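Since the structure comes first, as structure tokens, the remarks are kept for the end.
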Amino acid sequence: MKKTKLMLLIGFAALNSYAVNPIIPKPLNYTKASGELALKSIDDVMLHIVDTIPGISSPEGYMLKVTPDSAVVSAKSQAGLYYGLVTLKEMADKGNRIPACTVIDEPRFSYRGMMLDISRHFRDKEFIKKQIDAMARLKLNTLHLHLTDAAGWRLEIKRYPRLTEYAAWRKGNTWKEWNENGNKYAESTDPDAVGGFLTQDDAREIVEYAAERHITVIPEIEMPSHSEEVTAAFPDLSCTHDPAGQSDFCVGNEATFEFLENVLNEVMDIFPSEVIHIGGDEAGKQAWKDCELCRKRMEENSLENVDQLQSYLIERIEKYLNSKGRKLLGWDEIMEGGLAPNATVMSWRGTEGGIKAATGGHKAIMSPGGYCYLDGYQDAPYSQPEAIGGYLPLEKVYSYNPVPDTITPEIADYIIGVQGNLWCEYIPTAEHAEYMLYPRMFAIAETAWTADSLKNYGDFRLRAENLAADMKSKGYNVFDITHEIGNKPEAQRPENHLAVGKPVKYNIPWWNRYPAGGTATLTDGKRGGWNYNDQLWQGFLSRGDNRMDVTVDLESIQPIKYVGVEFMQLIGPGVWFPSSVQFLISDNGVDFTPLTTIEHEQKPTDGVSFKEYAWKGIARARYVRVIAKAKEGCQFADEIIIR
Ligand code: ACM
Ligand code: ZN
């Protein structure tokens with residue numbers, strides 16, 4: 001490796017870092033020595049390729065030895081040398097002084113990823129290169145580009161110019177506006193067209209820029225679903241041939257495979273990555289059931305259901321990629337009808353998919369929504385720009401361990417890494433994207449690199465504050481964790497009241513998808529946070545005869561002066577405040593007297609909001625019953641508070 005090149009890439013001369021070892025990701029082993037080295041230039045740094053480093057097995061590992069006279073990096077690979085130099089740079093202060101030390105370091109996982117969705121809002125090559133710089137600093141080694149989705153096709157394909165003359169453009173500046181206005185596409189020449197795409201030259205430039213920083217770019221081309229933009233441009237590729245709203249390719253039509261293989265040929269020509277991501281998530285599969293060609297395909301291949309029809313496509317595409325020396329990666333749905341023999345699984349719907357794949361001898365990359373989806377709120381929603389929902393603060397991202405204790409070391413070996421995903425439906429600008437990425441990507445990077453036993457949130461947070469300040473000074477729009485508000489105040493302390501620990505009878509069951517803590521939930525003294533998904537909020541359906549109808553037994557007749565329940569509203573996923581909540585009391589659990597009914601006119605609100613429904617007065621009772629009804633949506637409650 002030429003040192004001049006390294007200097008250019010690491011920008012040593014222009015460094016403006018902080019002093020002493022507070023680096024992210026935390027190295028495996030750091031031993032301080034006495035004195036310091038004043039480094040004039042990176043040319044002073046000696047680089048050695050070696051056969052072994054004591055205690056290091058990863059090819060990406062390195063040893064860095066700094067004395068008052070010299071700095072030496074030893075590694076088994078060019079990547080290892082690069083990471084040693086990154087560490088050196090991160091340890092240097094403003095005057096390029098580095099404390100004497102020995103660092104012996106290697107990554108925990110071989111796959112350390114970040115995903116950018118440039119379909120929902122297009123981001124250009126300059127933005128992507130800027131994020132590659134940040135990734136290099138964090139020792140991340142894989143950039144996954146989500147290049148195609150309903151909201152726009154983002155890569156030039158020379159054989160199919162319609163993809164970038166039409167499918168890359170839409171009516172509607174933001175994804176939300178486009179969605180509200182009926183998901184219309186536009187000719188690129190239309191003065192109202194919004195969108196864009198990477199030319200093949202742009203993409204090659206990104207690949208090369210990343211490779212110089214030991215980062216592989218994995219392209220994702222969605223199939224068989226998330227493809228409304230393709231079927232709008234080429235209606236014959238869907239089952240119905242309708243140019244609007246067709247998410248799925250027709251798997252029965254040979255033209256689908258001709259199209260996909262032709263696209264993949266150009267993709268493979270641009271992206272040298274051994275692994276190609278083919279999406280595979282969230283297929284509707286409905287149109288396949290009524291399609292003559294799909295039914296014929298199923299009959300001819302003895303496929304019993306549409307899940308197996310999806311697997312037919314995935315396996316056939318896998319064979320194609322394998323024949324070109326490439327490997328297939330897909331979201332965990334690709335397992336539903338049987339997993340293609342050599343495929344790697346990216347687990348997003350929780351971790352079960354990844355564990356199942358690993359147990360079956362397939363490589364798995366962990367990217368569960370609850371820890372790795374950086375499009376959720378990172379702080380109190382009222383303090384943040386509108387997000388897709390959720391609540392994923394830095395500490396929760398950091399808390400993730402991709403290898404659960406429940407699996408054997410042999411199975412754990414198949415979990416090759418972890419990835420942070422930035423989906424961009426609600427992220428219309430470059431500044432906003434950086435704001436959502438950092439500092440949470442710092443946490444992903446440390447989880448990906450640093451041994452689990454060395455992770456410590458308090459220690460990490462201080463380093464994250466330092467790094468955030470430094471990145472800010474270099475022009476990144478980083479969320480300011482020093483002013484973090486944190487979780488909902490009620491969720492941060494136990495709630496003491498008369499009903500804590502008392503039994504609750506469910507006159508109608510809770511919604512089985514959101515049980516929270518089961519029968520204990522509503523009287524456990526634990527209040528929910530900003531997110532209905534935090535296992536503290538219990539869900540109730542309101543369709544048909546469904547409603548929330550529960551009875552708390554205080555186990556003796558007691559004076560009561562307050563009964564209250566808080567509900568959440570987040571209309572995107574269909575969570576609404578109830579339209580009425582009735583409180584009733586009883587001494588025998590059979591004959592109930594109403595205390596009050598609180599009516600509410602249901603109306604949409606932006607983002608997450610909360611509403612307390614409460615009765616105040618004077619009464620005596622053993623049983624308190626709460627009935628919450630709704631004209632719209634499902635309901636979420638965390639606690640029935642009785643005082
Ligand atoms: C996904 O979030 N649909 C992979
Ligand atoms: Zn079909």
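Indexing begins at 1, ligand by ligand and atom by atom, following the structure's order. These numbers were taken from a predicted model, which means no experiment stands behind them.
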N/O donor-acceptor pair under 3.5 Å between Arg112 side chain and Ala445 backbone: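 Here the side-chain-to-backbone pair does not exist.
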Backbone of His144 reached by a side-chain donor or acceptor of Glu220 within 3.5 Å: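 Not at all, since once roles are kept as given, no pair shorter than 3.5 Å links the two residues.
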Sidechain N-carboxylate O distance under 4.0 Å for Arg349, Asp281: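 No, this pair does not count.
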Protein contact of atom 3 (N) of ligand 1 - nearest heavy atom, named by residue and atom, plus distance: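 Here the closest protein heavy atom is Asp281 OD2, 2.6 Å.
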Nearest-neighbour protein heavy atom for atom 2 (O) of ligand 1, which is reported as residue plus atom name and distance: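 Looking only at protein heavy atoms, the one closest to atom 2 (O) of ligand 1 is Tyr373 OH, 2.6 Å.
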Vertex the Zn ion (ligand 2), arms to Cys239 SG and Cys250 SG, rounded to 10°: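 For SG of Cys239 and SG of Cys250, the angle centred on the Zn ion (ligand 2) reads 110°.
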For Trp423, the ligand 1 atoms whose distance to one of its heavy atoms is below 4.0 Å: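 Here the atoms of ligand 1 in question are 1 (C), 2 (O), 4 (C).
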Geometric class of the Tyr438/Tyr476 ring pair [parallel <30°, tilted 30-60°, perpendicular >60°]: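 Judged by the thresholds at 30° and 60°, the geometry between Tyr476 and Tyr438 is perpendicular.
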Tyr312 and Phe257 aromatic ring geometry - parallel, tilted or perpendicular at 30°/60° bounds: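 Because their plane-to-plane angle is over 60°, the rings of Phe257 and Tyr312 count as perpendicular.
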Contact (N/O only, under 3.5 Å) between Glu282 and ligand 1: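 Yes - when backbone and side-chain N and O of Glu282 are compared with those of ligand 1, one distance drops under 3.5 Å.
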